[in-house]
Amino acid sequence: MSKKSNKKANDANVNANATTPKTAQEIIKAAAAATEGLIKSSLGTHKATLYKDGILPEDAKGKKSTRKKLRNLLFSIASSMVAEEDKAKQAKLISAFNEFYLYTYQENNYSLSSVCNENLSKEKKDILIKALELAKGK
């Protein structure tokens with residue numbers, strides 16, 4: 001087969017596949033499978049997991065609820081740690097933060113991307129960055 005006829009056959013396959021009606025769920029599932037492990041965030045398809053395997057419940061409602069609790073706890077510890085002026089209390093908060101961080105998150109490189117996705121307010125990002133810097137130093 002020549003290169004031209006090979007290209008025409010390939011183009012015909014792509015066009016035939018593109019015209020096959022698909023639901024949004026089928027399109028999302030196919031795109032997610034095709035890009036698995038290749039993109040950092042899967043916003044719009046499903047939550048990219050920041051958390052270690054096995055710490056979230058299996059059911060969708062439980063996962064969502066637990067992720068929210070973990071995010072709230074992370075931010076509570078981080079904001080308290082950043083605001084604390086007493087060095088002894090701050091050291092305790094840093095220790096608690098580090099333990100929580102190491103047990104909870106897959107990546108432990110003290111980067112912002114290890115604890116949150118892109119869609120976080122600037123104020124919260126700034127607090128988390130400061131907290132991660134403090135925790136990394138201890």
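All residue numbers refer to positions in the sequence shown, counting from 1.
Hydrophobic clustering keeps Tyr103 apart from Leu132 (ILVMFWY residues linked when any side-chain heavy atoms are closer than 4.5 Å, directly or through intermediates). Following chains of ILVMFWY side-chain contacts shorter than 4.5 Å, one can reach Leu73 starting from Phe97, so the two form part of one hydrophobic cluster.
Side-chain contact between Leu50 and Val115 is absent, with no heavy-atom pair separated by less than 4.5 Å.
Proximity of a side-chain donor or acceptor of Tyr101 to a complementary backbone N or O of Tyr110 within less than 3.5 Å is detected. Although no hydrogens or angles enter the test, the distance criterion places no donor-acceptor pair under 3.5 Å between the side chain of Gln106 and the main chain of Lys52.
With sequence neighbours excluded, no residue forms a ring-ring contact (aromatic ring centres under 6.0 Å, His included) with Phe75. For Asn72, the side-chain contact (heavy atoms from CB on, under 4.5 Å) partners are Lys68, not counting sequence neighbours. With sequence neighbours excluded, no residue forms a salt bridge (Lys or Arg N to Asp or Glu O under 4.0 Å) with Lys69. Under the side-chain contact (heavy atoms from CB on, under 4.5 Å) criterion, Glu84 pairs with Asp86, Lys89, Gln90, Leu93, sequence neighbours left out. Tyr105 pairs by the side-chain hydrogen bond (donor to acceptor under 3.5 Å, both in side chains) definition with nothing, not counting sequence neighbours. Leu120 pairs by the side-chain contact (heavy atoms from CB on, under 4.5 Å) definition with Cys116, Lys124, Lys125, Leu128, not counting sequence neighbours. The side-chain hydrogen bond (donor to acceptor under 3.5 Å, both in side chains) check on Asp126 picks up Lys122, with sequence neighbours excluded. When the side-chain contact (heavy atoms from CB on, under 4.5 Å) test is applied to Lys63, the partners found at least two apart in sequence or on another chain are Leu56, Arg67. Checked against side-chain hydrogen bond (donor to acceptor under 3.5 Å, both in side chains), Asn109 has the following partners two or more places apart in sequence or in another chain: Glu107, Ser111.
To the nearest 0.5 Å, atom CG of residue Leu70 and atom OG of residue Ser65 are 9.5 Å apart. Here the CG-CZ distance, from Asn117 to Arg71, works out to 9.0 Å after rounding to the nearest 0.5 Å. With rounding to the nearest 0.5 angstrom, the CD1 atom of Ile127 is 11.0 Å from the CG atom of Leu74.
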